[in-house]
Each structure stands twice: as C-alpha cells, then as structure tokens.
Amino acid sequence: HGGAAAAHLSLDVRTRLAQLSSPDCAAVSLADACLGDPGCVAVARALKHPRCAATSLDLRGNQIRAEGAVALGAALRRNRRLRTLSLEWNSLGLFPEGVRSLASIFALGGTGDGGHGCNVTSLDLRNNRLTAGAGTALAGALKTNRALVSLDLRWNALGELGSKALAVAMEQNNTLTALHMSGNAASDATLRTIRGCCQRNKGRSAKSQQKTSSSSSSAEGRFASSGPSLSSSFAMQDDAAAAAATTAHALNAPSSPSNRTPLDPESLEGATSIIQALEQALRLQRAEAKDVAERLEAETLSHTRTREALTTAQEDIS
C-alpha cells in the first residue's frame, strides 16, 4: 500500500522520501509535498525500514488526515531513532481518530516499554485546528511520557478546557521543559501553571546534568593519566555555562525601574506589547522608505532637467 502511494508522488518527493531509507541521512524534509494520507502511509513505511537513520522529519503542510496519522503513529512504535517531528499545518484536529492514535503512541514515550514506545523529544503541532478533545488526549499522553522535551501547540483551538487539561497533566510530567501555548484562548492562570511546571522541569534537568558532570569530574580524578586535556574540557564547559548564565541574566534584566519583569509573549500583556513594538518598527520603516522615495524622485527630476539643458545647449551650438 505504501509502495503504491509512493508511485503517485512527484519525482522530487520520491527522491526526498528515499532519504528515509538511507543510513546516512539524519534530517529529512518533506514539507509542503502534498503527501496526503497515501503519501504519509509511504512515509510511515519508510520509517519502519531497518536502515532508516533519520533523527529529524519535517512533514509540514501535507494535508495529513486520520489514515495518515494512524499510519505514522504505528511507525513511531517501531522507529527508535527519530527525535524531532514537525506536523505543523496539517489540520489534524479535524480528524480525532488520528490525534488519538498519535497521543496513544506518545503516552508510551520513553518508558522503555519493550520497544513499543516513542523516543521523539520535540513535537510541533502548530496550526492544526486542535480542539479541547485533542488537548485532553495529549494531556493523557503527557502524564506518562518521559521522552518529550518540547511540545509546540501554538495557534490551535484548545480553549480553556483543553489547556487546563494539559496544565493538570504537567503536574505529573517531569521531562517537558517547553510547552508553547500561544493562540489557544487559555486563561492567564492556566498559562502560569504550565510555565511554572516547565520551569520546575528545567531545574530538575539542570540538577541532573550537574550530577552527571560531577560524576565525570570524579572519573577524571580516578583516571588522571589521561592527561590535562580532560580537565581543560571541563573548564571550557564551566566557562561556557557561566557565559550563558551571564547572557541570560542580561537579557532578562530590567531596562528601567518600571519594567522589573520581562514580558511573556504568551500572556495578553506581553503579546500586546510585542505587537505595538512591531507596529512602531513598521511605521519607522515606512517613513524611511517614503524618505528614500522622495529623494530618489528629486534626484531623477534633477537629472532629467540637466539632460534637457545639455540637449538644448548642443542644439544651440549646432
């Protein structure tokens, strides 16, 4: 069935699809390829191939519906290498069966369930018309998923009901550090809860990394014969971490006493401020463009007059 579907795809799309069966291709893009469900079935078949080494797959804008989503979910049960998956602009919310199928696969993510889970760490579901029902299904997955680190649900129709379900689920999730929720008509209280849980998980992740770093430092002491290069490497990591912390502090530092908290783009106030700033930048650009156009018009007029004067002078000489 997947082979028959692939036969109806364009040569360019089939070439890109073949990359999924390559042991040397890590990132595969099939964005805006008009796959539809038949093409997505072909993608699912390729993901199951033993030689598939892709860690990143872009399926944006492919008119994927229920059948394609179900096939993709089944493939993710088998594929253990894929880490980044984009399904943006596919209107999956119009087909609850497909959303439920994907959610059920992600519910197993990272559990080590005999190879039947899903190891994807970054999932993009922006602009998919996801409703409250989809939010509830995804919330059920987040309660048990231990692989996802980033989930993008911006510009859907989850509403307060679906968003609240996700907020409650995040209380039980320890791994998701980024859950993007702009454009879902969620209340500020719900968004604060989600952000708080993400910050908590970031802290846990940082502590885990520090623990791993400490263990590595101990190993360095036990195996000092490996030379100074190892200690230099840890020193560079510490310097990089300090620089990153300094940069983050600088970015979040208030520019004036009246602005003590950085604006959050996912809050109404933050979004309004960002829009106003963009409008101001646009006005400045338009003013600059108008000034350039006026100067160009003046220079053109001056050039025309000069050329006419020269022509007249030449005619007088003749």
Side-chain angles (χ1 to χ4, degrees), residues 1-10 13-14 16-17 20 28-49 52 54 56-79 82 84-109 113 116-120 122-145 147-148 151-159 161-163 165-166 169 181 183-184:
H1 181 51
H8 292 84
L9 300 174
S10 68
V13 174
R14 277 183 284 165
R16 287 190 280 166
L17 181 60
L20 282 173
V28 177
S29 175
L30 285 161
D32 303 312
C34 299
L35 294 175
D37 276 352
C40 191
V41 170
V43 170
R45 182 181 182 185
L47 283 173
K48 295 177 183 178
H49 198 285
C52 179
S56 175
L57 177 60
D58 189 347
L59 293 175
R60 288 176 294 170
N62 274 295
Q63 303 168 12
I64 298 173
R65 302 185 178 186
E67 182 185 1
V70 171
L72 188 61
L76 293 177
R77 282 183 178 270
R78 298 271 299 275
N79 186 294
L82 197 66
T84 301
L85 176 62
S86 176
L87 290 168
E88 183 186 2
W89 287 109
N90 276 293
S91 299
L92 292 175
L94 299 179
F95 310 96
E97 180 184 351
V99 175
R100 287 195 297 267
S101 176
L102 283 174
S104 67
I105 303 304
F106 279 93
L108 301 173
D113 184 23
H116 296 296
C118 176
N119 286 340
V120 170
S122 178
L123 177 63
D124 188 345
L125 290 173
R126 284 176 292 173
N127 294 289
N128 265 283
R129 301 188 185 183
L130 300 179
T131 61
T136 302
L138 291 170
L142 290 184
K143 290 179 180 180
T144 56
N145 183 280
L148 275 176
L151 176 59
D152 199 335
L153 296 174
R154 285 176 288 180
W155 312 118
N156 282 293
L158 299 176
L161 182 61
S163 301
L166 288 164
M181 293 289 295
N184 278 286

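Distance check, rounded to the nearest 0.5 Å: CG of Leu87 to CG of Asp58 gives 9.0 Å. Note that the CG atom of Leu57 and the CG atom of Leu72 stand 7.5 Å from one another [nearest 0.5 Å]. From Leu47, atom CG reaches atom SG of Cys52 across 5.0 Å, with rounding to the nearest 0.5 Å. With rounding to the nearest 0.5 angstrom, the CD1 atom of Ile64 is 9.0 Å from the CG atom of Leu102. Taken from CE in Met181 to CG in Leu151, the straight-line distance is 8.5 Å, to the nearest 0.5 Å. Between the CG atom in Leu161 and the OG1 atom in Thr136 there is a gap of 5.5 Å [rounded to 0.5 Å].
Under a 3.5 Å cut-off, the side chain of Arg77 and the backbone N or O of Ile105 do not form any donor-acceptor pair. A donor-acceptor pair under 3.5 Å is absent between the side-chain atoms of Asn62 and the main chain of Cys40, judged by distance alone. With hydrogens and angles disregarded, a donor-acceptor distance shorter than 3.5 Å links the side chain of Asn128 to the backbone of Ser91.
Within the 4.5 Å cutoff, no side-chain heavy atoms of Leu138 are placed close to those of Phe106. Residues Glu97 and Val70 have side chains in contact (heavy-atom distance under 4.5 Å, counting atoms from C-beta outward).
Contact record, Gly98 with Ala69: CA-CB, 3.6 Å, taken as the closest heavy-atom pair. Closest approach of Ala103 and Ala137 over heavy atoms only: CB-O, 3.6 Å. Ala165 approaches Ala139 most closely through the heavy-atom pair O-CB, 3.4 Å. Listed here is the closest heavy atom pair of Ala44 and Ala71: CB-O, 3.4 Å. Of all heavy-atom pairs between Arg60 and Ser86, the closest is CG-OG, 3.1 Å.
Listed by first and then second residue, the salt bridge (charged side-chain N to carboxylate O under 4.0 Å, His left out) pairs involving residues 126-144 are Glu88-Arg126, Asp124-Arg126, Arg126-Asp152 (not counting sequence neighbours).
Evaluated for a side-chain contact (heavy atoms from CB on, under 4.5 Å) with Leu35, the options Leu17, Asn90, Val41, Val43 yield exactly one hit, Val43. Across Val28, Leu76, Asn119, a single residue satisfies side-chain contact (heavy atoms from CB on, under 4.5 Å) together with Leu82, and that is Leu76. Each of Leu166, Asn156, Leu130 was compared with Asn184 under the side-chain contact (heavy atoms from CB on, under 4.5 Å) criterion, and only Asn156 meets it.
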